[in-house]
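The block underneath contains the structure these notes are about, expressed in structure tokens.
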Amino acid sequence: MAVGPVWAAAGACLRVLQRAFSLHKAHSIKDMENTLQLVRNIIPPQTSKKHKGQDGRIGVVGGCQEYTGAPYFAAISALKVGADLSHVFCTREAAPVVKSYSPELIVHPVLDSPGAVHHVEEWLPRLHVLVVGPGLGRDDTLLENVKGILEAAKARDIPVVIDADGLWLIAQHPALLQGYRKAVLTPNHVEFNRLSEAVLRDPGDGSDREAVQRLSQALGNVTVVRKGERDVISDGEQVLECAQEGSSRRCGGQGDLLSGALGVLVHWALLAGPEKTKGSSPLLLAAMGACSLTRQCSHQAFQKHGRSTTTTDMIAEVGPAFHRLFET
Ligand SMILES: NC(=O)C1=CN([C@@H]2O[C@H](COP(=O)(O)OP(=O)(O)OC[C@H]3O[C@@H](n4cnc5c(N)ncnc54)[C@H](O)[C@@H]3O)[C@@H](O)[C@H]2O)[C@@H](O)CC1
Ligand SMILES: Nc1ncnc2c1ncn2[C@@H]1O[C@H](COP(=O)(O)OP(=O)(O)OP(=O)(O)O)[C@@H](O)[C@H]1O
Ligand SMILES: [Mg+2]
């Protein structure tokens, strides 16, 4: 019987695979650590010489009758990461609710008004980044206004982070962002599949890494962050993975935290210049920073609150998590 040699061959094969896997894992961890080092480089120093607004004026476009939490989570997270001013452009009904969550946000009740595009356009020169989509909903009038806002942001070369229902809009009209190198898309599992179907028609089999890279390429190298058990990030050229330890809690709102944090980091990364980013794509660095931070917040909050952890608990961890990842 040749069972012995077969088992021996299978065992050897398994050991080779295990070794390859652990080497790959060690490599990924090293890649992640190298990238986090570059993320530390882009963080602007805190000095007494700065004026209000310099470290970030972020606009969140979202907030409607159903969803008021999502734009709040995104906008407050931007502030907690270190932006100086955070604006929310939402519907008339949502505005008093969002305001009542926090006196720190500047809230514009304009998104469902006929002058929505014009109003946001007037603010654009004073904003560094737009985060489009958290709690936006899918009302046609709102989405039409957001189309106009995106066109206006592109015309001014303002970076945009697109999340949640903003991604729904892009799945209907991919041309809106085609080739815009200052865009970052942050789909969850379902949003990623929807976008891939819409943009690639045949998303194919391939690995997660290939799928993210292909979507980015098909959209003309916009940066794509696919959230999940591991976050996969690509600008169509490079692919990074974020495997920072998070938690097994999957409450709503964690992606909103990520999008707000990313808004600030995108501003910082673009401001930092090549001597700080050392040839790496600023948007990839910003994405890796925001993904690591969100997961670290989740990890810390879960250690304290376990099963009852919610996004509010994670937001309370933004300061300590940021310090732990980027300032020690
Ligand atoms: N407190 C709030 O106001 C919140 C509002 N939210 C808003 O809710 C709106 C809809 O967002 P959704 O994320 O529900 O988008 P979708 O409506 O596209 O999601 C569809 C469904 O997919 C499911 N899903 C998510 N991840 C999955 C996975 N990995 N595998 C299988 N199914 C999965 C979700 O449970 C959801 O019911 C957006 O505007 C969003 O910003 C969310 O951000 C959560 C918090
Ligand atoms: N299975 C998982 N294991 C660990 N972390 C995960 C897992 N899935 C998602 N995450 C993390 O949770 C965060 C939010 O991702 P998620 O997929 O929940 O976004 P979302 O559905 O857009 O959230 P939201 O409820 O805010 O809309 C990201 O930091 C991501 O890395
Ligand atoms: Mg989401």
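Just so you know, ligand 1 is whichever comes first in the structure, and atom 1 is the first atom listed for that ligand.
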Between NE2 on residue H173 and CH2 on residue W168, distance to nearest 0.5 Å:
10.5 Å

So, for atom 14 (O) of ligand 1, does the protein have a heavy atom nearer than 4.0 Å?
no

Heavy atom of protein closer than 4.0 angstrom to atom 24 (N) of ligand 1
yes

Please say whether E191 places an N or O atom under 3.5 Å from an N or O atom belonging to ligand 2.
no

Measure from the side-chain N and O atoms of Q303 to the backbone N and O of Q300, and report whether any donor-acceptor pair falls under 3.5 Å.
no

Side-chain contact, heavy-atom cut-off 4.5 Å: C90 with P71?
no

What is the closest protein heavy atom to atom 18 (O) of ligand 1, and at what distance does it sit?
R194 NH2, 2.8 Å

Heavy-atom closest pair (D165 atom, G135 atom, distance to 0.1 Å) is OD2-C, 4.3 Å

Under 30°, 30 to 60°, or over 60°: which ring-plane class applies to W123 and H108, parallel, tilted or perpendicular?
perpendicular

Close approach, G246 and ligand 2, non-hydrogen under 4.0 angstrom
no

Between T223 and D235, do the side chains contain an N or O donor and an N or O acceptor separated by less than 3.5 Å?
no

Looking only at distance, does V190 have an N or O less than 3.5 Å from an N or O of ligand 1?
no

Measure from atom 37 (O) of ligand 1 to the protein's non-hydrogen atoms and state whether any distance is below 4.0 Å.
no

Which atoms of ligand 2 have any heavy atom of N188 under 4.0 Å away?
17 (O), 19 (O), 20 (P), 21 (O), 22 (O)

List ligand 1 atoms under 4.0 Å from L136, heavy atoms only on the residue side.
39 (O)

Distance filter under 4.0 Å to N188 heavy atoms, resulting ligand 1 atoms:
13 (O)

Consider ligand 2: state whether an atom of it lies below 4.0 angstrom from any non-hydrogen atom of G253.
yes

Mark up the atoms of ligand 2 that fall under 4.0 Å of a heavy atom belonging to Q254, in ascending order.
12 (O), 13 (C), 14 (C), 26 (O)

D55 bridged to K50 by N-O distance under 4.0 Å:
yes

Please check this pair: side chain of E210 against backbone of S207, looking for a donor-acceptor N/O pair closer than 3.5 Å.
yes

What residue and atom, counting heavy atoms only, is the protein's closest point to atom 30 (C) of ligand 2, and at what distance?
D231 OD1, 3.4 Å

What protein heavy atom sits nearest atom 16 (P) of ligand 1, and how far off is it?
R138 NH2, 3.6 Å

Subset of ligand 1 atoms that lie under 4.0 Å from at least one heavy atom of P134:
41 (O)

Out of S247, G252, G255, A70, whose heavy atom sits nearest atom 14 (C) of ligand 2?
G255

Looking only at protein heavy atoms, which one is nearest to atom 30 (N) of ligand 1, and how far off is it?
H189 CD2, 3.5 Å

Run the salt-bridge test on K227 and D163 with the 4.0 Å N-O cut-off and return the result as yes or no.
yes

Quick one: which ligand 2 atoms are inside 4.0 Å of a heavy atom on K227?
15 (O), 17 (O), 19 (O), 20 (P), 22 (O)

Would atom 2 (C) of ligand 1 count as contacted, meaning some protein heavy atom under 4.0 Å?
yes

Evaluate D165 for polar contact with ligand 1, using N/O atom pairs at a separation under 3.5 Å.
yes

Decide yes or no for L130 and V161: does some side-chain heavy atom of the first lie under 4.5 Å from some side-chain heavy atom of the second?
no

Going by heavy atoms in the side chains, are M288 and I233 under 4.5 Å from each other?
yes

Nearest protein heavy atom with distance in Å, relative to atom 4 (C) of ligand 1
A70 CB, 3.9 Å

List every atom of ligand 2 that sits less than 4.0 Å from any heavy atom of L258, numbering the atoms from 1 in the order shown and giving each element.
28 (C), 29 (O)

In ligand 2, the atoms that come under 4.0 Å of a heavy atom of D256 are 26 (O)

Charged N to carboxylate O below 4.0 Å: is that the case for E197 and R194?
no

Of the listed options A94, A164, G69, closest to atom 40 (C) of ligand 1 (non-hydrogen atoms):
A164

For R295 versus E229, what's the shortest heavy-atom pair and its separation?
NH2-O, 2.6 Å

Does ligand 1 have an atom under 4.0 Å from some heavy atom of G255?
no

Is there a protein heavy atom at a distance of less than 4.0 Å from atom 24 (P) of ligand 2?
yes

Any atoms of ligand 1 less than 4.0 Å from a non-hydrogen atom of G253? List them with their elements.
44 (C), 45 (C)

Is there a path from V132 to V266 through hydrophobic residues (I, L, V, M, F, W, Y) whose side chains come within less than 4.5 Å of each other?
no

Salt bridge R57-D84, side-chain N to carboxylate O under 4.0 Å:
no

Among R250, R295, Q244, which one has a heavy atom closest to atom 12 (O) of ligand 2?
R250

Here's one to test your reading of the geometry: is the NZ or CZ of R226 within 45 degrees of the ring axis of F192 and under 6.0 Å from its centre?
yes

Nearest-neighbour protein heavy atom for atom 41 (O) of ligand 1, which is reported as residue plus atom name and distance
G135 N, 2.8 Å

Can we say E33 and R40 salt-bridge, meaning some charged N sits less than 4.0 Å from an Asp/Glu carboxylate O?
yes

Ion pair present between E241 and R209, side-chain N to carboxylate O less than 4.0 angstrom?
yes

With a 4.5 Å cut-off on side-chain heavy atoms, are V97 and Y67 touching?
no

Starting from atom 9 (C) of ligand 2, locate the nearest protein heavy atom and write down its residue, its atom name and how far away it is, to 0.1 Å.
G228 O, 3.6 Å

What is the nearest protein non-hydrogen atom to atom 10 (C) of ligand 1, stated with its residue, atom name and distance?
Y67 OH, 4.0 Å

Report the nearest protein non-hydrogen atom to atom 11 (O) of ligand 1: residue, atom name, distance rounded to 0.1 Å.
E191 OE2, 4.7 Å

For atom 42 (C) of ligand 1, closest protein heavy-atom neighbour:
D256 OD2, 3.9 Å

Any N or O on T294 sitting closer than 3.5 Å to an N or O of ligand 2?
no

